[in-house]
Amino acid sequence: MGWAIALHGGAGDISLSLPAERRLPREAALHHCLQIGVAALKAQKHPLDVVELVVRELENHPNFNAGKGSVLTSRGTVEMEACIMDGNSKKCGAVSGLTTVVNAISLARLVMDNTPHIYLGFDGAEAFAREQGVETVDSSHFITPENIERLKQAKEADRVQMDYTQPIQKDEKSESPTGNGDSQIGTVGCVAVDKNGNLATATSTGGFVNKMVGRIGDTPIIGAGTYANNLCAVSATGKGETIIRGTVARDVAALMEYKGLSLKEAAAHVVECNPRGDVGLVAVSARGEVTMPFNTTGMFRACATEDGYSEVGIWPSVQD
């Protein structure tokens, strides 16, 4: 048994020809956030603090679909959501519909720590943020030129776009890609376990490009996009509606709890049983195991364990 950590920057149809100027900043961000998480675990920080810290860093990176860089609704606005959960106590907090909060994951933590509730949304969540004194900014802070263009493309194609959906050619309505592999950016998440087997998970997102105003995805829903108990911690990414229907994160824990499967077996089974191209996840077990399966073309991901193993990847590797 030992500490372990895994994080993701979203799964989807990530083109193998993704240009270096798009790929390298994201890989660098994953390396940076992994180092921050590892250092915190080595300093014996609680996994709950570790996952919050790492996801805050990912939220602040404009090349991921969370915090600054969140994708836009059909009205051109930002509605962010996040969730955090402690494995041993099953304490959790979630938020949706945020428009001004700099770090949604930290507001979710405050919902968990400072209220009798689990989930706050929209005006109530924004009011709670002001009461708690968390950092807020004008919503224009979160809107990037790239996401304005992504929304324009999605509206022209009359569709919503999940993480890393390939853009449609302007002269046709087929799903053929133009090859830049960057019509969207990815949800972020982190899971961690310390040497004592304490587990935690955190996930944060801006949702889908061109989503309806008020749409809620899998990220803040306990058991769908985010879940932790005394056996494992899971953060999922992909098509939110599929992940909700499949209760993806909870299913991993349930297969371990009720069927005695290992973490890798349980996670692989859950991913395989969902529609191809829709689901990815990162997970750690109380025993310090780590797994990062996906059935999409790729998933921005990174992990490290106390025994020295470390990985940063996008597309399937040999061991996948």
Side-chain angles (χ1 to χ4, degrees), residues 1-9 11 30-31 33-51 53-55 84-90 188-203 223 225-238 243 246-274 279-295 299-314 316-320:
M1 200 159 84
W3 60 257
I5 185 171
L7 53 136
H8 67 76
L30 291 175
H31 275 287
C33 292
L34 183 64
Q35 290 171 350
I36 287 174
V38 167
L41 284 168
K42 286 182 175 178
Q44 299 185 26
K45 298 285 187 185
H46 191 279
L48 202 59
D49 298 322
V50 175
V51 297
L53 177 67
V54 170
V55 169
I84 191 167
M85 186 169 187
D86 175 67
N88 284 343
S89 68
K90 292 188 183 176
V188 302
C190 181
V191 292
V193 60
D194 64 18
K195 63 182 181 179
N196 298 314
N198 297 305
L199 291 146
T201 178
T203 316
T226 310
Y227 188 75
N229 63 7
N230 63 342
L231 296 175
C232 66
V234 183
S235 175
T237 177
I243 294 168
T247 57
V248 164
R250 171 58 187 159
D251 263 16
V252 175
L255 286 169
M256 294 179 69
E257 184 175 353
Y258 301 126
K259 293 196 74 174
L261 298 189
S262 70
L263 177 75
K264 289 190 176 182
E265 290 170 338
H269 179 77
V270 169
V271 169
E272 288 166 10
C273 286
N274 279 279
V279 175
L281 64 85
V282 295
V284 292
S285 75
R287 297 172 59 187
E289 301 159 312
V290 63
T291 190
M292 304 185 292
F294 52 95
N295 66 18
M299 180 172 73
F300 282 93
R301 64 198 188 277
C303 72
T305 61
E306 189 170 343
D307 62 12
Y309 179 77
S310 182
E311 176 189 349
V312 175
I314 305 172
S317 56
V318 176
Q319 58 264 45
D320 289 336

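Since we're looking at a predicted model, the values are computed, not measured. When a residue number appears, it is its place in the shown sequence, counting from 1.
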* For side chain to side chain contact (heavy atoms under 4.5 Å, CB included), just list the numbers for Leu7 and Leu30, CA-CA rounded to whole Å, side-chain angles, deciding distance to a tenth of an Å, and then say yes or no. => CA-CA 8 Å; Leu7 53 136; Leu30 291 175; 3.7 Å; yes

* Which is it for Cys232 and Tyr227 under the side chain to side chain contact (heavy atoms under 4.5 Å, CB included) test, yes or no, and what are the steps along the way? -> CA-CA 8 Å; Cys232 66; Tyr227 188 75; 5.5 Å; no

Quick check for you: to the nearest 0.5 Å, what is the distance between [X] atom [atom1] and [Y] atom [atom2]?
| X | Y | atom1 | atom2 | value |
| --- | --- | --- | --- | --- |
| Lys259 | Glu265 | NZ | CD | 10.0 Å |
| Lys264 | Glu289 | NZ | CD | 8.0 Å |
| Asn274 | Phe294 | CG | CZ | 15.0 Å |
| Ile5 | Asp194 | CD1 | CG | 11.5 Å |
| Leu41 | His46 | CG | NE2 | 10.5 Å |

* **Residue His269 excluded, over 12 heavy atoms near NE2 under 6.0 Å** => no

* Asked: Is it the case that Thr203 and Ser235 place a side-chain donor and acceptor less than 3.5 Å from each other?
  -> yes

* Asked: Taking only residues two or more places apart in sequence or in another chain, which ones pass side chain to side chain contact (heavy atoms under 4.5 Å, CB included) with Asn230?
  ->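 Side chain to side chain contact (heavy atoms under 4.5 Å, CB included) check on Asn230 returns Asn88.
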
Considering only heavy atoms from C-beta outward, does the side chain of [X] approach that of [Y] to under 4.5 Å?
| X | Y | answer |
| --- | --- | --- |
| Arg287 | Leu263 | no |
| Ile84 | Leu48 | yes |
| Val234 | Thr201 | no |
| Ser285 | Leu231 | no |

[Y] backbone acceptor or donor facing [X] side chain under 3.5 Å:
| X | Y | result |
| --- | --- | --- |
| Asn295 | Val271 | yes |
| Arg301 | Val312 | no |
| Asn198 | Ala200 | no |

[X] versus [Y], closest heavy-atom pair with distance:
| X | Y | value |
| --- | --- | --- |
| Cys303 | Val290 | CB-CG2, 3.8 Å |
| Met1 | Lys195 | CE-O, 3.3 Å |
| Ala236 | Val248 | CB-CG1, 4.2 Å |

* Mind running side chain to side chain contact (heavy atoms under 4.5 Å, CB included) on Trp3 and Val38 for me, showing each step along the way? => CA-CA 9 Å; Trp3 60 257; Val38 167; 3.7 Å; yes

* Would Met85 and Lys90 count as a side chain to side chain contact (heavy atoms under 4.5 Å, CB included) if you check the C-alpha gap in whole Å, the side-chain angles of each, and the deciding distance to 0.1 Å? -> CA-CA 6 Å; Met85 186 169 187; Lys90 292 188 183 176; 3.9 Å; yes

* Asked: Who are the salt bridge (Lys or Arg N to Asp or Glu O under 4.0 Å) partners of Glu257, not counting sequence neighbours?
  ->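 Salt bridge (Lys or Arg N to Asp or Glu O under 4.0 Å) list for Glu257, sorted by chain: Arg250.
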
